[in-house]
Amino acid sequence: ARANLATVLYKQNKPSEAIAELERIEREGRSNDGHASLKAAALGRIGGHEEALALYREILDKRPREPKLWMSFGHILKTVGRTDEAIVAYRRAIDEKPSLGEAYWSLANLKTYRFTEEEIERMRSALSDDGVYRDDRFHLHFALGKAREDAGDAEASFTDYSEANRLRREELDYDPAAIGSLVDRSIATFSPEFFASRKDFGCPSDAPIFIVGLPRAGSTLVEQILASHPLVEGTTELPDIPIMARRLGGRKSRAEDSAYPECLADLSRKECRTLGEEYLERASIQRVTDKPRFIDKLPNNWAHIGFIKLILPSARIVDARRHPLACGFSNFKQHFARGQAFSYDLSDIGFYYSDYVRLLRHFQAVVPGSVYRVVNESLIDDPEIEIRALLDGIGLPFDPACLSFHENKRAVRTPSAEQVRQPVNASGVDQWRAFERWLAPLKDALGPTLKNWRN
């Protein structure tokens, strides 16, 4: 029962509480390899990477034929920048189970890995087997799409990406109109009068720096730059703001309507301050230094800017923005471990991007200067000018370490981990152009946003 409780806590993004339960089992002398594996995964969530690696090694010494253990081991190695070892672990997982699609995708998701002809043939062979599980199948198609894109075969690549997304989209209950409705209601709620009447609300701490936007828009690059500053600690994509927003909304099931964001208008000065302090307390579990500022890089927080400004009015918010076709296609070819249900259909992506731009435009009008925008293409074109402007825009003094961000050895958990360990380059800027002939659904859904996305 205690192990089951630990599993539930882990799935609720409460890794420290899960670890506490697992350690109690250890003290009682009842721990097994399954408990140790769960503890290693939970340690990875809170930055305990070296302890997690030691646990995985210990388990794998006893159970070397477990492909998913090798894959989990590879994930931690990738996070701490030990890429060559991660590749060995992922390949070992494939050797133990040649149809394990997620292991192939993990290799592709390094972004810098190039598949051998033998590996491509093994993926094709696995897909020809009708008995391969659906989860393995869409992972294999995502990985093959990457392999064929790297080989310059855009048509075959897009075919694989499309099939991967079709299979994944069918599993999800996603309604693009729900995001549009949230944006409409947020625009109606967060008026100039709303903020003017609440100037002294919230927790006054200026510690958090939120980086928002769409995934694959360059947010990890911005995070790496800021986390290289001596006053800033990089954490990860923290789930806390959406969790707190869902709690305030009071919705218990999809069939119910949420009271969020309208319910924020009923919060007292004291409640707003308490909520800001709660966020800081929740985020503290990811902090390992005493630096005065820290980063929360959850892209989806763009939908909660009003909530953030209400409970943490001195927090800085950075909008990481990228060309909608480049960003949209990059999402289409990416499989996310969780969340981002909008990303498996080109039309869904276009509507989502437009809603995001619409809400950010509203906040720029209602609370001018409340969000600092970084355009990925501009950052790549002239890094020093853009980095200096970014630091100035969020109230940080310039530090040359920010220009050498690729030398930062911090752990990075996102798909861009390997890319931000290299100097700025333009290799990914125009990758979408080879696929433009198939992007009509994305363009149609974007509508006018395709032309005015910067403004």
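What's counted below: heavy atoms across the whole structure, side chains too, no hydrogens, waters or symmetry copies.
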Does L38 reach the side chain of T7, with side-chain heavy atoms less than 4.5 Å apart? yes
Tell me, please, whether Y10 has R45 positioned over its six-membered ring: NZ or CZ under 6.0 Å from the ring centre and within 45 degrees of its axis?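 Output yes; distance and angle both within limits.
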Is it the case that R168 places NZ or CZ above or below the six-membered ring of Y344, under 6.0 angstrom from the centre and within 45 degrees of the axis? yes
Identify the two heavy atoms, one from [X] and one from [Y], that lie closest to each other, and give their separation to 0.1 Å.
X: P98; Y: A126; result: O-CB, 4.3 Å
X: Y353; Y: C327; result: CE1-CB, 4.3 Å
X: A52; Y: G44; result: CB-N, 4.3 Å
X: L182; Y: P261; result: CD1-CD, 4.0 Å
X: P215; Y: P299; result: N-CB, 4.0 Å
X: Y56; Y: A41; result: OH-N, 3.6 Å

Would you check if the side chain of [X] reaches a backbone N or O of [Y] as a donor-acceptor pair within less than 3.5 Å?
X: S125; Y: E121; result: no
X: R185; Y: Y260; result: yes
X: D296; Y: L298; result: yes
X: D33; Y: I59; result: no
X: R82; Y: L77; result: no
X: N32; Y: H35; result: yes
X: R373; Y: A320; result: no
X: R361; Y: N455; result: yes
X: W70; Y: P64; result: yes
X: R322; Y: R216; result: yes

Kindly state whether the ring of F138 and the ring of H335 have centres lying under 6.0 angstrom apart. yes
Does the ring center of F363 lie less than 6.0 Å from the ring center of F190? yes
Using the salt bridge (charged side-chain N to carboxylate O under 4.0 Å, His left out) rule, collect all pairs that involve residues 441-455, keeping only residues at least two apart or in two chains.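 Every pair satisfying salt bridge (charged side-chain N to carboxylate O under 4.0 Å, His left out) with a residue in residues 441-455: E436-K443.
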Do the charged groups of [X] and [Y] touch, with an N to O distance under 4.0 Å?
X: R65; Y: E96; value: yes
X: R148; Y: E155; value: no
X: K333; Y: E149; value: yes
X: R247; Y: E278; value: yes
X: R169; Y: D348; value: yes
X: K78; Y: E85; value: no
X: K297; Y: E237; value: yes
X: D150; Y: R114; value: yes
X: E170; Y: R134; value: yes
X: D95; Y: R122; value: yes

What do you reckon, is [atom1] of [X] surrounded by more than 12 foreign heavy atoms closer than 6.0 Å?
X: E117; atom1: CD; answer: no
X: R57; atom1: CZ; answer: yes
X: E281; atom1: CD; answer: no
X: I385; atom1: CD1; answer: no

What distance separates [X] [atom1] from [Y] [atom2], expressed to the nearest 0.5 Å?
X: I295; Y: R316; atom1: CD1; atom2: CZ; result: 14.0 Å
X: M123; Y: L140; atom1: CE; atom2: CG; result: 7.5 Å
X: I308; Y: S370; atom1: CD1; atom2: OG; result: 10.5 Å

What class does the angle between the rings of W302 and Y352 fall in, given that below 30° is parallel, 30 to 60° is tilted and above 60° is perpendicular? perpendicular
Looking only at side-chain N and O atoms, does Y356 offer a donor or acceptor that is under 3.5 Å from a partner on R321? yes
Distance alone, cut at 3.5 Å: any donor-acceptor contact between the side chains of E386 and S378? no
After noting the C-alpha distance and the side-chain angles of K111 and Q334, does the key distance pass the side-chain hydrogen bond (donor to acceptor under 3.5 Å, both in side chains) rule? CA-CA 10 Å; K111 307 306 180 190; Q334 177 71 41; 2.6 Å; yes
Could you walk me through whether Y113 and E119 pass the side-chain hydrogen bond (donor to acceptor under 3.5 Å, both in side chains) check? CA-CA 12 Å; Y113 184 79; E119 288 168 332; 2.7 Å; yes
Please evaluate residues N452 and T449 with respect to the criterion side chain to side chain contact (heavy atoms under 4.5 Å, CB included), reporting the C-alpha separation (whole Å), side-chain torsions for both, the decisive distance (0.1 Å), and the verdict. CA-CA 5 Å; N452 63 19; T449 305; 4.2 Å; yes
Before giving the answer on ring pair (Phe, Tyr, Trp, His ring centres under 6.0 Å), spell out for Y90 and H75 the whole-Å C-alpha distance, their side-chain angles and the decisive distance to 0.1 Å. CA-CA 9 Å; Y90 292 143; H75 293 339; 5.5 Å; yes
Result for side-chain contact (heavy atoms from CB on, under 4.5 Å) between L442 and one of N331, L346, D345 points to L346
Pick from F329, W432, F158: which one makes a ring-ring contact (aromatic ring centres under 6.0 Å, His included) with W438?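 Only one of F329, W432, F158 forms a ring-ring contact (aromatic ring centres under 6.0 Å, His included) with W438, namely F158.
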Under the ring pair (Phe, Tyr, Trp, His ring centres under 6.0 Å) rule, what do Y161 and H141 come out as? Steps first, then yes or no, please. CA-CA 6 Å; Y161 285 141; H141 277 296; over 10 Å; no
